[in-house]
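Note sheet for the following structure.
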Amino acid sequence: MSKSDKTDKSNQSYDVERSQWYFQRFVSHLPAGGQFVIFNRSWYNRAGVERVMGFSTPAEQEDFLREVPLFEEMLVGSGIRLVKIWMDVTKAEQAQRLAERKDNPLKVLKSSPLDEFAQPRWDDYTAARDEMLRRTDTALAPWVCVKADHKKTARLNVIRHLVNRLAPAALAETVEAPDPEVLFRFEIAALTDGRLCN
């Protein structure tokens with residue numbers, strides 16, 4: 001397959017997705033019984049990257065924010081155990097990680113053309129995050145937030161949270177709870193009290 005063939009197929013896939021209900025691109029990846037599936041932040045792109053970069057219309061973004069709590073309620077109602085985790089980093093830490101992607105050959109594959117907009121549009125991304133958390137945090141599908149500047153500490157606390165939430169009780173009780181200074185249940189006050197980066 002030539003490069004132009006790959007580009008044509010990619011464009012066709014994009015056109016198909018643009019004509020679909022937003023959640024169609026994820027439904028086929030949902031877990032069956034006994035399965036564990038991880039969606040990265042693309043699940044919520046319509047409330048973040050697409051909003052900041054203008055990749056979707058304000059009407060599409062509003063549809064997403066209105067529909068995603070209903071969709072997640074259906075998932076939970078069907079027996080899926082849904083865990084939503086927001087990894088939060090400071091602007092300085094983000095700048096350092098972006099620089100490492102340029103300079104470290106082991107991290108260059110993480111690079112994206114969108115990286116160059118991350119720092120200049122920090123405030124826009126922060127506003128998008130705040131609205132997303134406010135509007136999509138529900139009793140059935142709550143957000144937990146993780147202070148993630150220190151990767152190892154963040155990961156250990158996420159693992160503890162997942163074990164406590166998803167493992168059989170006999171296993172979960174052997175693992176300590178996450179550090180509340182690192183991982184905490186989202187609440188509106190966290191947007192202004194310093195727990196989340198601004």
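Predicted, not measured: the structure shown is a model, and the values here were computed from it.
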Worksheet item: Listed by chain and number, what are the side-chain contact (heavy atoms from CB on, under 4.5 Å) partners of R25, not counting sequence neighbours?
Response: E17, Y22, R46, E50
Item to complete: Report the residues that fulfil side-chain contact (heavy atoms from CB on, under 4.5 Å) with N40, sequence neighbours left out, ordered by chain and then residue number.
Response: S42
Practice prompt. Mark yes when over 12 heavy atoms from residues, nucleotides or ligands other than L70 sit less than 6.0 Å from its CG; otherwise mark no.
Written response: yes
Worksheet item: Within a reach of under 6.0 Å around CZ of R185, are more than 12 heavy atoms found that belong to other residues, nucleotides or ligands?
Response: yes
Are [Y] and [X] connected in a single hydrophobic cluster, I mean Ile/Leu/Val/Met/Phe/Trp/Tyr linked by side-chain heavy atoms less than 4.5 Å apart?
X	Y	value
F55	L65	no
F36	L30	no
W43	M74	yes
L166	L75	no
I188	V68	yes

Between the side chain of [X] and the main-chain N/O of [Y], is any donor-acceptor distance below 3.5 Å?
X	Y	value
E176	R160	no
W122	N198	yes
D88	L196	no
Q35	A32	yes
R81	R165	yes
D130	L191	no

Test item: [X] and [Y] side chains (from C-beta on) under 4.5 Å apart, heavy atoms:
X	Y	value
F26	F71	no
Q119	Y125	no
V158	H161	no

Hey, what do you get for [atom1] ([X]) to [atom2] ([Y]), rounding to the nearest 0.5 Å?
X	Y	atom1	atom2	answer
D103	L98	CG	CG	11.0 Å
E181	K147	CD	NZ	6.0 Å
T136	E72	OG1	CD	6.5 Å
T153	L183	OG1	CG	12.0 Å
K152	N157	NZ	CG	12.0 Å
F186	M132	CZ	CE	8.5 Å

Nearest atoms (heavy-atom pairs only) where [X] meets [Y]:
X	Y	result
F64	A47	CE2-CB, 3.7 Å
G48	A128	CA-CB, 4.4 Å
C197	R129	O-NH1, 2.7 Å
A177	N164	CA-ND2, 4.0 Å
A154	M87	CB-CE, 4.1 Å

Response to the item:
Between D115 and the options R101, R97, R121, the salt bridge (Lys or Arg N to Asp or Glu O under 4.0 Å) test singles out R101
Worksheet, complete the sentence: Apart from V76 itself, members of its ILVMFWY cluster (side-chain separation under 4.5 Å) are L82, L140
Practice prompt. Give the intermediate values and the outcome of salt bridge (Lys or Arg N to Asp or Glu O under 4.0 Å) for residues D137 and K84.
Written response: CA-CA 9 Å; D137 178 73; K84 299 191 314 193; over 6 Å; no
Basic-acidic side-chain contact under 4.0 Å: [X], [Y]:
X	Y	answer
D124	R51	no
E187	R195	yes
E116	K102	no

Practice prompt. Answer with yes or no after comparing the ring centroid distance for Y44 and W86 against a 6.0 Å cut-off, counting only values under it.
Written response: no
